[in-house]
Amino acid sequence: MLTQYNPYENAKAQLDKVAGILDLDNATQDLLREPMKEVHFTIPVKMDDGSTKIFKAFRIIHNDARGPAKGGIRFHPQETVDTVRALSMWMTWKCAVVNIPLGGGKGGVICDPHNLSLSEQERLCRGYVRRLHALLDPNKDVPAPDVMTNGQHMLWMLDEYEVINGGHYPGVITGKPVGIGGSLGRTEATGYGIIYVLKGMLSEMGLALADTTASLQGFGNVGEYAARMYTELGGRLIAVSSWSQKDNASYTIKRASGCDIQQLVSFKDRYGSINKEKAAEAGYEVLPGDQWISQDVDILIPAALENQITPDVLPKISPKVRIICEGANGPTTPDCDPIIKARGIELLPDFLCNAGGVTCSYFEQVQCNMNYFWSKDEVLQKLEYTMTEAFRAVYKLARGKQLCMRDAAYVIAVSRVAEAVKLRGWT
Ligand code: GLU
């Protein structure tokens, strides 16, 4: 029987484990186990056919002891409040592990943007802000794009906020389009950040990236830019799996000699689904299901959704795999960690690996505050520096204390947040 995984239970189990390692006091552990604030609300949207649909939405602040809450807004048909709770908690750890002065939050709307016209999406975005605007503020809570949301959604949200507040507040939302308060490099940042962390790990293992092969799950923004940088640095990406909304199923697109990323991008829709007919015409193998995981490669990059690597699928992972780079949030369930460790696979944890997006969001806020924007090279240089420093600190602690990389990342992040909570006198 398939186990049902609840990401919030996973997130709490991970925190409890590290609380034990850190000998955290009960009050701080209790505080960090729960979000500090939750807003559940409904958004009525006038549809193009004249009807009105009611969408359920959330915004959850896990912790803001280190700075304003930060985190994306997801549009997903299977969104649940517990997923948003878990993701808000992971945002707290993510900001802390890369040491940026922000807390953790997350938002979500239960909807499938595939089935909404652009004007319906615009009304949904504006409705989200109309319901929530009193709680949003550059100094309180700052949303960003996430699964199935993008710069256009952020700009509609910003515009609604600015109309309501009668002024310019570019620091209230990040991931905006370049030229309208966005930062160069933000689109690339999460995917590139994964590869900066991977480079750090490979160099510690004495492996050259150009000699490695990889298989990727998910070809949304994160997967695409991870694939671009990985292949530009000479890595061979053999397989990419993507979700097809049309078929309600996932496919793995494979080419043993290496995928041409630019070509695959030309076959994908705006939500990351690769058109399998076009891929087949171009000579790719199209494998049904999630065969990305059983490829004979050095590196697996899950960059789709949570709970993709479970004990049920672990046996499918090839003995050749040396590294799992978690591009998505929570792609591996906690019960896999000991098995992965026993197999000698290095797991680069999600909230370290995919912190590039929020790090660049922080740079975007800084640039908005100054009203002066850096060149792309400058942004990416700062991003690589921040990600590499964070990787080094985690790696050093992991090796020094014989911890796996996930536990080491948690120890660093949770101690930073616990310290802020204590210094503020909350516990
Ligand atoms: N949604 C991204 C994440 O999960 C970015 C969040 C942000 O930039 O605030 O990390």
Side-chain angles (χ1 to χ4, degrees), residues 7 11 58-64 66-76 79 83-98 100-109 136-151 153-155 157-158 170-177 181-194 196-197 218 220-226 272 302-306 325-331 349-368 379 383 386-387 390 409 413:
F58 314 100
R59 185 72 187 168
I60 296 186
I61 310 294
H62 172 256
N63 190 283
D64 63 358
R66 285 175 46 87
K70 190 81 194 79
I73 298 172
R74 309 184 347 149
F75 284 176
H76 201 276
E79 193 65 280
T83 310
V84 184
R85 286 180 177 132
L87 290 161
S88 73
M89 193 189 294
W90 290 326
M91 283 309 302
T92 305
W93 314 141
K94 198 180 291 196
C95 295
V97 81
V98 289
I100 54 177
L102 296 168
K106 203 75 166 197
V109 180
L136 300 177
D137 185 286
N139 295 313
K140 284 189 202 163
D141 181 15
V142 184
D146 205 285
V147 171
M148 288 204 271
T149 52
N150 57 35
H153 297 116
M154 297 306 109
L155 197 61
M157 291 188 184
L158 175 77
V172 77
I173 203 152
T174 62
K176 303 181 293 296
S183 173
L184 290 164
R186 178 64 185 81
T187 310
E188 297 86 347
T190 314
Y192 281 14
I194 295 169
Y196 295 146
V197 172
N221 171 270
V222 178
E224 176 189 327
Y225 283 96
L305 289 174
E306 52 282 346
C325 245
E326 293 187 323
N329 293 308
D350 50 1
F351 67 90
L352 167 66
C353 250
N354 69 25
V358 75
T359 302
C360 196
S361 276
Y362 165 59
F363 296 155
E364 181 176 329
Q365 272 192 307
V366 171
Q367 295 169 84
C368 285
V379 173
L383 182 66
T386 307
M387 298 301 293

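Scope of the values below: all heavy atoms of this structure, side chains included, with no hydrogens, waters or symmetry mates. Atoms within each ligand, like the ligands themselves, are counted from 1 in listed order.
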Can you confirm whether the side chains of R74 and T149 place a donor and an acceptor under 3.5 Å from each other?
no
My understanding is that only residues two or more places apart in sequence, or in another chain, count here; which of them pass side-chain contact (heavy atoms from CB on, under 4.5 Å) with A413?
W93, A96, V97, F351
Qualifying salt bridge (charged side-chain N to carboxylate O under 4.0 Å, His left out) pairs with a residue from residues 349-367, counting only residues at least two apart or across chains
K176-E364, D350-R406
Just to be sure I understand the cut-off, which residues have at least one non-hydrogen atom under 4.0 angstrom from an atom of ligand 1?
K70, G71, G72, M91, K94, K106, A144, P145, D146, R186, N329, G357, V358, S361
If you look at every heavy atom in Y362 and L102, which pair is closest and at what distance?
CB-CD1, 4.0 Å
Any donor-acceptor pair under 3.5 Å from R59 side chain to G108 backbone:
no
Sequence neighbours excluded, the answer for side chain to side chain donor-acceptor pair (under 3.5 Å) partners of N221 is none
